[in-house]
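Note that the coordinates shown come from a computational prediction; the quantities given were computed from them, not determined experimentally. Numbering of residues begins at 1 and proceeds along the displayed sequence.
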Amino acid sequence: MELRLEQISQITHGVVLNRIKPKVESDGVEYPILSISQLLDEENGVRDYEVPTVYVDRKKTANLNLAKEHSIVIGLTSFHRAAVLGKQHEGKIIPSNFVSIEFHNGIMDPYYFAWYFNEHPEIKEQRNIAIQGNSSVKVLSIHMIRQLAVECPDLSTQMTIGKLYYYQKRKQLLLREKMKLESSVLSEEMMQHLKQL
């Protein structure tokens, strides 16, 4: 069964940071911000990245779009993929270069959706068409995301595909980390040989 994404989820555009800043910093509350570079670092096994922050006007804190564990974000600009947010993202402001997606009533496994959006050939093709344009900045439109037709098999099938996708990503990350460690050990070994000359 195919359903449009807007039928099965709440799709929320990220916050324009300039609109929530206080006139005076002391009138604000400091919040961490989710960024594309954090998601890319995590994909590459980097864990000690810096998290930018922003001061938010106290009067505007009630309506912030904040990250939640297991929710989905899709990058609208350079990161044209879906990412499932982890515990480390909880409470970060989702800025305007993302949309966040919350599925209704457990209708969709988040990892299944991430696989579907990132890897399914039809969706990849739709995404590539959507980001083509004359501008140097390739942008996905929220309209395209809302209208996206998503194949919705039963939840157990989704969870099986979602788990396979999660473990595939985890394996890729561990292999990257292994290669970094091997490279570091080899460099150290070569330096030791050089010192013995």
Side-chain angles (χ1 to χ4, degrees), residues 1-21 29 31-40 42-43 51-54 56-120 122-124 126-127 129-131 138-163 165-166 169:
M1 171 175 63
E2 265 194 1
L3 292 167
R4 284 198 322 277
L5 190 57
E6 67 181 355
Q7 294 176 291
I8 57 171
S9 68
Q10 172 73 39
I11 302 165
T12 310
H13 193 204
V15 177
V16 177
L17 298 178
N18 285 338
R19 291 188 188 155
I20 58 170
K21 286 182 180 174
V29 181
Y31 277 84
I33 305 168
L34 182 72
S35 70
I36 287 169
S37 65
Q38 289 167 46
L39 298 178
L40 291 171
E42 286 171 11
E43 277 186 5
V51 177
T53 60
V54 67
V56 178
D57 189 318
R58 289 178 201 280
K59 297 180 201 112
K60 297 180 180 176
T61 56
N63 300 319
L64 293 176
N65 186 3
L66 298 177
K68 297 181 190 102
E69 187 178 11
H70 302 303
S71 64
I72 301 265
V73 290
I74 294 176
L76 299 175
T77 53
S78 56
F79 185 85
H80 300 119
R81 295 195 300 284
V84 181
L85 298 181
K87 195 148 194 66
Q88 71 274 24
H89 301 118
E90 281 267 354
K92 290 179 182 174
I93 291 177
I94 298 172
S96 59
N97 54 342
F98 289 104
V99 291
S100 62
I101 298 171
E102 298 277 336
F103 290 105
H104 305 317
N105 307 323
I107 194 169
M108 180 79 50
D109 178 77
Y111 289 100
Y112 167 77
F113 177 78
W115 166 78
Y116 192 81
F117 188 85
N118 296 336
E119 308 298 337
H120 196 284
E122 285 178 24
I123 304 303
K124 273 184 164 179
Q126 282 184 55
R127 237 181 28 238
I129 291 166
I131 61 175
K138 306 296 184 192
V139 178
L140 271 179
S141 79
I142 297 176
H143 178 73
M144 175 265 179
I145 292 168
R146 288 184 198 284
Q147 297 303 310
L148 191 71
V150 181
E151 188 64 40
C152 296
D154 62 84
L155 203 53
S156 67
T157 302
Q158 289 182 35
M159 288 173 84
T160 301
I161 293 169
K163 272 185 191 157
Y165 184 62
Y166 171 80
K169 294 303 231 179

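Remark: L5 CG to Y116 OH distance equals 10.5 Å, nearest 0.5 Å. I145 contributes atom CD1, which lies 9.0 Å from atom NE2 of H80 (distance to the nearest 0.5 angstrom).
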Step by step, work out the side chain to side chain contact (heavy atoms under 4.5 Å, CB included) result for F98 and L34.
CA-CA 9 Å; F98 289 104; L34 182 72; 4.1 Å; yes

Audit row: E42, Q88, side chain to side chain contact (heavy atoms under 4.5 Å, CB included) steps and yes/no:
CA-CA 11 Å; E42 286 171 11; Q88 71 274 24; 3.4 Å; yes

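For Y166, the ring-ring contact (aromatic ring centres under 6.0 Å, His included) partners at least two apart in sequence or on another chain are Y111. Every residue meeting the side-chain contact (heavy atoms from CB on, under 4.5 Å) condition with L17, not counting sequence neighbours, appears here in chain and number order: I20, I33, V54, I93, P95. Considering only residues two or more places apart in sequence or on other chains, M144 meets the side-chain contact (heavy atoms from CB on, under 4.5 Å) condition with Q126, R127, A130, L140, S141, L148.
At most 12 heavy atoms of other shown residues, nucleotides or ligands fall within 6.0 angstrom of atom NE2 in H143.
No donor-acceptor distance shorter than 3.5 angstrom exists from the side chain of H120 to the backbone of F117, with no hydrogens or angles considered. Between the side chain of E102 and the backbone N or O of I11, no donor-acceptor pair lies under 3.5 Å.
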Solution key, residues 65-72 side-chain donor-acceptor pairs under 3.5 Å, sequence neighbours excluded:
unit_1	atom_1	unit_2	atom_2	d
N65	OD1	S100	OG	3.3
N65	ND2	S100	OG	3.1
S71	OG	K68	O	2.7

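Considering only heavy atoms from C-beta on, Y31 comes within 4.5 Å of L64 through its side chain. Counting heavy atoms from C-beta on, the side chains of V56 and R58 never come closer than 4.5 Å. Using a 4.5 Å heavy-atom cutoff, the side chains of Q38 and P52 are in contact. Residues I74 and R81 are not in side-chain contact: their nearest non-hydrogen atoms beyond the backbone lie 4.5 Å or more apart. Residues S96 and V15 are not in side-chain contact: their nearest non-hydrogen atoms beyond the backbone lie 4.5 Å or more apart.
Heavy atoms only, all atoms of each residue included: I123 and A149 are closest at CD1-O, 3.9 Å. Taking each heavy atom of L39 and A83 in turn, the nearest pair found is CD1-CB, 4.1 Å.
Sorted by first and then second residue, the pairs that involve residues 152-163 and meet side chain to side chain donor-acceptor pair (under 3.5 Å), not counting sequence neighbours, are D154-S156, D154-T157. Contacts classified as side chain to side chain donor-acceptor pair (under 3.5 Å) and involving residues 2-19 (residues at least two apart or in different chains) are given here: R4-E6, R4-Q147, E6-Q147.
Under the 6.0 Å cut-off for aromatic ring centres, Y112 and Y165 do not qualify, their centroids lying 6.0 Å or more apart.
Between V73 and the options V99, I94, N97, a side-chain contact (heavy atoms from CB on, under 4.5 Å) holds for only I94.
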